[in-house]
Amino acid sequence: MSTSKHTPASNKQPFLSDIKKIRERARQNMRDGAITEGYKADRETVIRILNEALATEIVCVLRYKHHYYAANGLNAEAVAQEFLEHAQQEQDHADQIAGRIAQLGGNPNFSPDSLSTRAHSEYIEGNTLKEMIEEDLVAERIAIDSYREIIQYLGDDDPTTRRMLEEILAVEEEHADDMAGLLQDYD
């Protein structure tokens, strides 16, 4: 029977730091809310990145909403419903991201003036149902790659933001899969 040299019982360091020190630190910078001394990320950079992600989600909401109302043709009803569902989920993502920005002490940027320059994806409407699906698929693929890079950048420095983005990423992957499936009907 083999035994590990690094079992919890053989670890000489206590699991938790000195509880008195944790209590003291908790009282020191109370106005920082959830951001404690253990937060390792560059908060300003994370807020900037999250505001770009927020802009990306808002642009996606607008594009999906446009596609919902503009969809017409033989398969339009089912595809339009998919567009509407995705618009609602993208809005949920925007709300989550805005909430995290506020939690980090930043201001969510909802300004329409710079929305398209801050967003990673583009707002391209498409003229036909097929073009709309293609534009949504491209936007989802951009979001997927962007979120993967952000998640990698955050690593263990901001696990809360990383987990939130991992959950959003999973939904964006589902959206891309949905759009790819709809696009197959046009091949």
Side-chain angles (χ1 to χ4, degrees), residues 33-36 38-68 71 78-112 114-126 130-185:
I35 305 304
T36 67
Y39 184 83
K40 302 295 183 203
D42 177 344
R43 191 170 7 164
E44 294 307 313
T45 300
V46 172
I47 291 169
R48 179 185 53 76
I49 290 169
L50 288 176
N51 266 312
E52 291 172 4
L54 175 60
T56 301
E57 295 295 338
I58 293 169
V59 166
C60 287
V61 169
L62 295 173
R63 189 185 50 260
Y64 273 124
K65 281 287 196 164
H66 170 76
H67 291 169
Y68 169 70
V79 175
Q81 288 305 311
E82 194 73 28
F83 290 155
L84 180 59
E85 179 182 327
H86 288 201
Q88 293 165 340
Q89 291 171 335
E90 301 293 359
Q91 182 62 58
D92 289 343
H93 298 166
D95 292 340
Q96 290 175 40
I97 292 167
R100 183 59 179 160
I101 291 167
Q103 191 176 46
L104 291 171
N107 292 312
N109 187 344
F110 288 97
S111 173
S114 61
L115 195 58
S116 64
T117 59
R118 289 181 287 118
H120 296 175
S121 63
E122 298 171 295
Y123 181 88
I124 300 175
E125 294 176 349
K130 180 182 179 187
E131 289 174 359
M132 292 177 200
I133 295 168
E134 288 172 343
E135 290 306 326
D136 290 331
L137 179 54
V138 167
E140 295 295 355
R141 291 172 55 83
I142 290 167
I144 289 166
D145 280 345
S146 294
Y147 289 146
R148 279 191 183 132
E149 283 189 31
I150 296 168
I151 290 164
Q152 186 175 18
Y153 167 77
L154 292 171
D156 292 331
D157 291 346
D158 184 342
T160 302
T161 302
R162 186 193 71 233
R163 279 192 311 275
M164 176 192 70
L165 291 175
E166 286 170 343
E167 290 172 10
I168 292 172
L169 171 62
V171 175
E172 302 298 358
E173 289 174 342
E174 288 175 21
H175 289 178
D177 191 48
D178 292 343
M179 291 298 108
L182 290 173
L183 198 55
Q184 286 180 351
D185 293 340

### Query
Are the side chain of T56 and the backbone of H120 linked by a donor-acceptor contact shorter than 3.5 Å?
yes
### Spatial distance of atom CD1 (I101) from atom CG (N107) [nearest 0.5 Å]
9.0 Å
### Parallel, tilted or perpendicular, as decided by the 30° and 60° cut-offs, for the rings of F83 and Y64
tilted
### Task
Using a strict cut-off of less than 4.0 Å between a Lys/Arg side-chain nitrogen and an Asp/Glu carboxylate oxygen, indicate whether E44 and R48 qualify as a salt bridge.
no
### Message
Could you check whether any side-chain N or O of N109 sits under 3.5 Å from a backbone N or O of N51, counting only pairs where one atom can act as donor and the other as acceptor?
### Response
no
### Query
Is there a side chain to side chain contact (heavy atoms under 4.5 Å, CB included) between V138 and I124 once you walk through the steps?
CA-CA 10 Å; V138 167; I124 300 175; over 6 Å; no
### Task
Would you name the heavy atoms of S121 and V59 that are closest together and state the gap between them?
OG-CG1, 4.0 Å
#### Entry: More than 12 heavy atoms of other groups within 6.0 Å of R141 CZ
no
### Task
Report the C-alpha separation of L165 and L50 in whole Å, then their side-chain angles, then the decisive distance to 0.1 Å, and conclude whether the side chain to side chain contact (heavy atoms under 4.5 Å, CB included) test is met.
CA-CA 10 Å; L165 291 175; L50 288 176; 4.3 Å; yes
### Query
What distance separates R100 CZ from T160 OG1, expressed to the nearest 0.5 Å?
4.5 Å
### Query
Once you round to the nearest 0.5 Å, how far does SG of C60 lie from CD of E172?
6.5 Å
### Message
What I want to check is whether the side chains of E149 and Y147 have a donor and an acceptor closer together than 3.5 Å.
### Response
no
### Message
Just so I know, are the side chains of I168 and I97 near enough to count as touching, which here means a heavy-atom distance under 4.5 Å?
### Response
yes
#### Entry: Modelled atom types, side-chain donor and acceptor of H86 and D136, under 3.5 Å
no
### Message
Please determine whether the number of non-hydrogen atoms from other residues, nucleotides or ligands lying under 6.0 Å from atom CD of E166 exceeds 12.
### Response
yes
## Note on the structure
When rounded to the nearest 0.5 Å, the distance separating CZ of R118 from CD1 of I58 is 7.0 Å
### Heavy-atom donor-acceptor pair, R63 side chain to E122 backbone, under 3.5 Å
yes
### Query
With a 4.5 Å limit on heavy-atom distance, are the side chains of T45 and Y153 in contact?
yes
### Message
What's the separation between atom CD in Q88 and atom CD in E90, rounded to the nearest 0.5 Å?
### Response
11.0 Å
### Message
Does any part of the side chain of T161, heavy atoms only, come nearer than 4.5 Å to the side chain of I49, both counted from C-beta?
### Response
no
### Query
Got a second to check how far L154's CG is from I150's CD1, nearest 0.5 Å?
7.5 Å
### Task
Examine distances only and state if a side-chain atom of R162 and a backbone atom of G155 form a donor-acceptor pair shorter than 3.5 Å.
yes
### Message
Quick one about Q96 and D92 (side-chain donor to acceptor, distance below 3.5 Å, no hydrogens or angles considered), yes or no?
### Response
no
### Message
Quick check: closest heavy atoms across E82 and D178, and the distance to 0.1 Å?
### Response
OE2-OD2, 2.9 Å
### Message
Looking only at side-chain N and O atoms, does E135 offer a donor or acceptor that is under 3.5 Å from a partner on H67?
### Response
no
### Minimal non-hydrogen separation, I47 against G105, with atom names
CD1-C, 4.3 Å
### Query
How close do L54 and A94 get, heavy atom to heavy atom, and via which atoms?
CD1-O, 3.4 Å
### Message
Can you give me the closest heavy-atom contact between P108 and A98, atom names plus distance?
### Response
CG-O, 3.4 Å
### Message
Please find the pair of heavy atoms, one from A71 and one from A80, that lie closest to each other, and give the distance.
### Response
CB-CB, 3.9 Å
